[in-house]
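Order of the sequence lines sets the chain letters (A, B, ...), proteins ahead of strands, with each chain counted from 1.
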Amino acid sequence: MSNEQISKLLRNIATAYTIKNEKKFRFQIIAYQRAADFIKNSSIELQDYHKDSKLQDIPGIGTSIKGHLEELFKTGKSKQFNWALKGIPDPVFVLIDIPTLGPKKSYRLVNEFGLSNSKNVIADLEKIAKKGLIAQLKGFGEKSQRDILRAIKEFKEGKGKTSRMVLPLASEISDKIIDYLRKSPYVGRAYVLGSLRRQLPTVGDIDIAVASNNPKKVIDHFISYPYIERMIEKGKETASMLVSGGKQIDLMVQPPQAFGALLQHFTGSKNHNIALREFALKKGMSLSEHGIKYLRNKKSNIKQIDSEEEFYNTLGLAWIPPEIRENTGEIELAAKKALPKLIEIKDIKGDFHIHSSFPIQPSHDLGKNTIGEMASKAISLGYEYVGFSEHNPSVSKHTNSQIYTLISVRNQEIDQIKLRYKSIRVLKILEVDILSSGELAIDDKSLSLLDFAIVSIHSVFSMNKANMTKRVIEGLSHPKAKVLAHPTGRLLNQRPGYELDWEKIFKFCKDNNKALEINAWPSRLDLSDQLIRQCVGNDVKMVINTDSHASYQMDNMKFGVSMARRGWATKSDILNTLDYNEFMKWLKGGEL
DNA sequence: GCCGTTTTCGGCCCGACTGTTTTCAGTCG
């Protein structure tokens with residue numbers, strides 16, 4: 001079973017408990033949802049935790065759920081899970097994925113209309129709504145019926161939160177809306193919060209906070225946005241809309257003197273906020289987007305706080321960077337004032353994964369800008385060094401000596417650039433394919449022309465974990481191979497990436513002076529934050545590269561840095577924060 | 001059902017908004 005399937009199963013159990021008796025099962029519901037959340041976001045397959053007897057290491061999985069999961073993995077079913085799900089028809093668990101339909105409404109609809117076919121339940125419900133039958137149910141009305149029809153339509157079209165965007169698209173949309181909001185004189189500070197501020201690899205909706213003493217004017221201005229597709233809701237201090245393209249924008253407004261609490265609240269994550277509020281409760285404080293209530297003094301009003309730093313400080317905590325607000329230990333360290341100093345974009349001194357337009361006749365795609373143009377861009381970014389790493393010349397179309405010649409000519413071009421641009425060091429690299437045998441695509445003689453090679457997988461993705469691990473280690477074993485590029489091969493929203501035995505990879509890299517790449521290409525962002533954090537824990541060095549195929553793409557470095565921050569990486573974990581001489585020392589196998 | 005720097009028992013975040021109601025249930029984040 002995949003993590004996705006297991007997560008859905010646990011969520012279904014929470015749904016079933018909600019339908020059966022929400023009050024009685026209140027805490028079980030929370031527990032199952034928490035476990036489901038964590039499993040869904042985990043980049044390690046749950047079955048592997050199980051094989052290594054490490055299920056209890058997962059937050060939210062205690063003795064009960066662990067026992068049920070072990071029974072499920074062993075026998076294919078769990079008595080407890082089956083008992084919990086008993087009596088709730090399967091179509092309920094399909095309808096619940098449609099926004100506005102929760103456990104109660106889904107169950108009512110399935111029962112009232114005898115919907116029994118999971119595969120067709122959405123189409124069946126749509127027909128029923130069109131006949132006007134939903135409006136006749138007690139507790140439903142004409143408006144609910146229209147809302148359900150629209151929700152089904154948007155669900156089918158992937159609108160709202162049912163599809164996630166990569167970071168640059170989300171930033172582009174949010175920039176436009178912030179610019180628009182600032183045209184109103186009633187809008188004070190206006191920031192993008194939520195998962196975009198936390199820099200998740202993909203973003204479901206865009207959350208914006210505004211400080212204003214006149215929230216009504218701000219909200220009216222917000223929903224007058226020219227590219228609005230429809231308004232979702234509108235209240236006294238919040239509003240939501242869909243904009244063209246079907247993306248959802250949520251707005252929250254608070255007065256300037258309470259803005260700090262709103263920044264904290266609306267940045268999330270949900271799990272961070274829950275943990276923070278539990279932490280505060282123990283100190284006699286209750287938190288919300290409006291501020292801090294002191295529970296021991298019932299007469300006191302809510303304390304309003306205008307900055308986020310002050311909000312955390314009032315709780316006795318250091319300010320926590322948004323990227324690590326996921327309740328994975330940050331609150332405990334903030335209490336001890338012992339948070340790591342996360343890497344920043346200004347720490348980056350170079351980029352090693354750049355594809356120029358030099359006609360090297362590569363196995364894969366060529367860049368759009370010349371070596372000179374790319375080097376010039378690197379200088380404008382303030383870099384101390386840059387490395388060119390076009391794909392190796394195509395193996396099927398060239399002999400070894402032709403390949404050798406192509407690389408030599410490219411190197412001559414780099415030498416010319418070195419003479420022209422004295423302010424930057426330029427390295428001769430290539431991105432070399434690891435063939436399915438584990439061999440590198442080009443021979444030793446050609447490899448000897450390079451300062452080092454970045455190696456990567458570009459074919460035969462379907463190998464099993466053991467063989468893929470063997471292949472990668474074989475490829476990295478070559479003395480010239482120093483960096484594994486886009487280590488999982490994932491493409492966000494497109495494919496999950498192949499599986500590797502990370503313990504083996506980490507050990508190999510640490511023992512043999514190899515690095516893993518954090519690829520900053522927006523639809524890769526590979527390594528994931530979780531794997532980065534494991535590298536940090538295992539003292540495995542990383543390099544943040546842009547994989548640019550055009551000079552402007554070198555600006556994508558910030559996304560790689562964001563992933564590194566989400567993975568708790570500091571400057572010392574990332575090799576391209578070193579100055580040139582230190583980096584060359586690492587390259588030659590010297591200790592840092 | 002989970003969890004532990006006052007706890008292995010007794011706690012468990014907090015509020016906004018909508019539709020269908022006439023004081024609230026359901027959903028969402």
Does [X] reach a base, just sugar-phosphate, or nothing at all? Heavy atoms under 4.0 Å.
{"X": "A/Ser240", "value": "nothing"}
{"X": "A/Phe140", "value": "sugar-phosphate"}
{"X": "A/Lys282", "value": "base"}
{"X": "A/Ile61", "value": "sugar-phosphate"}

Of the options [options], whose atoms approach the side-chain atoms of [X] most closely?
{"X": "A/Lys336", "options": "B/dT18, B/dT5, B/dC12", "value": "B/dT5"}
{"X": "A/Glu278", "options": "B/dC14, B/dC12, B/dG15", "value": "B/dC12"}
{"X": "A/His68", "options": "B/dC14, B/dC2, B/dG1", "value": "B/dG1"}
{"X": "A/Ile274", "options": "B/dT21, B/dC13, B/dG1", "value": "B/dC13"}
{"X": "A/Lys138", "options": "B/dT27, B/dT21, B/dC2", "value": "B/dT21"}
{"X": "A/Lys104", "options": "B/dC13, B/dG26, B/dG19", "value": "B/dG26"}
{"X": "A/Glu233", "options": "B/dC3, B/dC17, B/dC12", "value": "B/dC17"}

Does a side-chain N or O from [X] land closer than 4.0 Å to OP1 or OP2 of [N], or not?
{"X": "A/Lys293", "N": "B/dG15", "value": "yes"}
{"X": "A/Lys105", "N": "B/dG26", "value": "no"}
{"X": "A/Gln80", "N": "B/dG1", "value": "yes"}
{"X": "A/Ser64", "N": "B/dC2", "value": "yes"}
{"X": "A/His290", "N": "B/dA16", "value": "yes"}
{"X": "A/Thr100", "N": "B/dT18", "value": "no"}

Which whole-number value in Å describes the distance from [X] [atom1] to [N] [atom2]?
{"X": "A/Met252", "N": "B/dA16", "atom1": "CE", "atom2": "C1'", "answer": "7 Å"}
{"X": "A/Lys143", "N": "B/dG26", "atom1": "NZ", "atom2": "C1'", "answer": "15 Å"}
{"X": "A/Phe311", "N": "B/dC14", "atom1": "CZ", "atom2": "P", "answer": "11 Å"}
{"X": "A/Arg26", "N": "B/dG26", "atom1": "CZ", "atom2": "C1'", "answer": "16 Å"}
{"X": "A/Ile302", "N": "B/dC14", "atom1": "CD1", "atom2": "P", "answer": "11 Å"}
{"X": "A/Ile30", "N": "B/dC2", "atom1": "CD1", "atom2": "C1'", "answer": "10 Å"}
{"X": "A/Ile29", "N": "B/dG26", "atom1": "CD1", "atom2": "P", "answer": "12 Å"}
{"X": "A/Gln28", "N": "B/dG11", "atom1": "CD", "atom2": "C1'", "answer": "14 Å"}

*Want to settle it: does A/Tyr32 or A/Glu237 sit nearer the 5' end of DNA chain B, counting the closest nucleotide to each?*
A/Tyr32

*Quick one: on DNA chain B, does A/Gly60 or A/Gly102 contact a more 5' nucleotide (nearest heavy atom)?*
A/Gly60

For nucleotides [N] and [M], find the distance between their [atom1] atoms and express it as a whole number of Å.
{"N": "B/dG4", "M": "B/dC13", "atom1": "P", "value": "14 Å"}
{"N": "B/dT7", "M": "B/dC2", "atom1": "C1'", "value": "14 Å"}
{"N": "B/dT23", "M": "B/dT18", "atom1": "C1'", "value": "15 Å"}
{"N": "B/dT27", "M": "B/dT20", "atom1": "P", "value": "14 Å"}

*Mind checking whether A/Trp502 and A/Phe506 have parallel, tilted or perpendicular rings, split at 30° and 60°?*
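Taking A/Phe506 first and then A/Trp502, their aromatic rings sit tilted (interplane angle of 30° to 60°).
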
_Parallel, tilted or perpendicular: which one describes the rings of A/Tyr312 and A/His272, with boundaries at 30° and 60°?_
tilted

_Any side-chain donor near an acceptor of the partner, A/Thr328 and A/Arg533, under 3.5 Å_ = yes

_For the CE atom of A/Met285 and the CG atom of A/Leu315, what is their distance to the nearest 0.5 Å?_
5.0 Å

*Atom CZ in A/Phe27, atom CZ in A/Arg34: separation rounded to 0.5 Å?*
13.5 Å

*Under 6.0 Å from the six-membered ring centre of A/Trp83 and within 45° of its axis: does the NZ or CZ of A/Lys20 meet both?*
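Output yes; distance and angle both within limits.
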
_Within residues 206-217 of chain A: residues closer than 4.0 Å to DNA chain B (heavy atoms)_ = none

_Any A/Arg277 side-chain heavy atom under 4.5 Å of A/Ser286 side chain_ = no

*Using the rule for Phe, Tyr, His and the six-membered ring of Trp, do A/Phe27 and B/dC12 stack at under 5.5 Å and under 30°?*
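Here the ring of A/Phe27 and the base of B/dC12 are stacked, with centres under 5.5 Å and planes under 30°.
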
*Is there a Watson-Crick or G-U wobble partner for B/dG11 with both distances under 3.5 Å, and which nucleotide is it?*
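Paired with B/dC2.
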
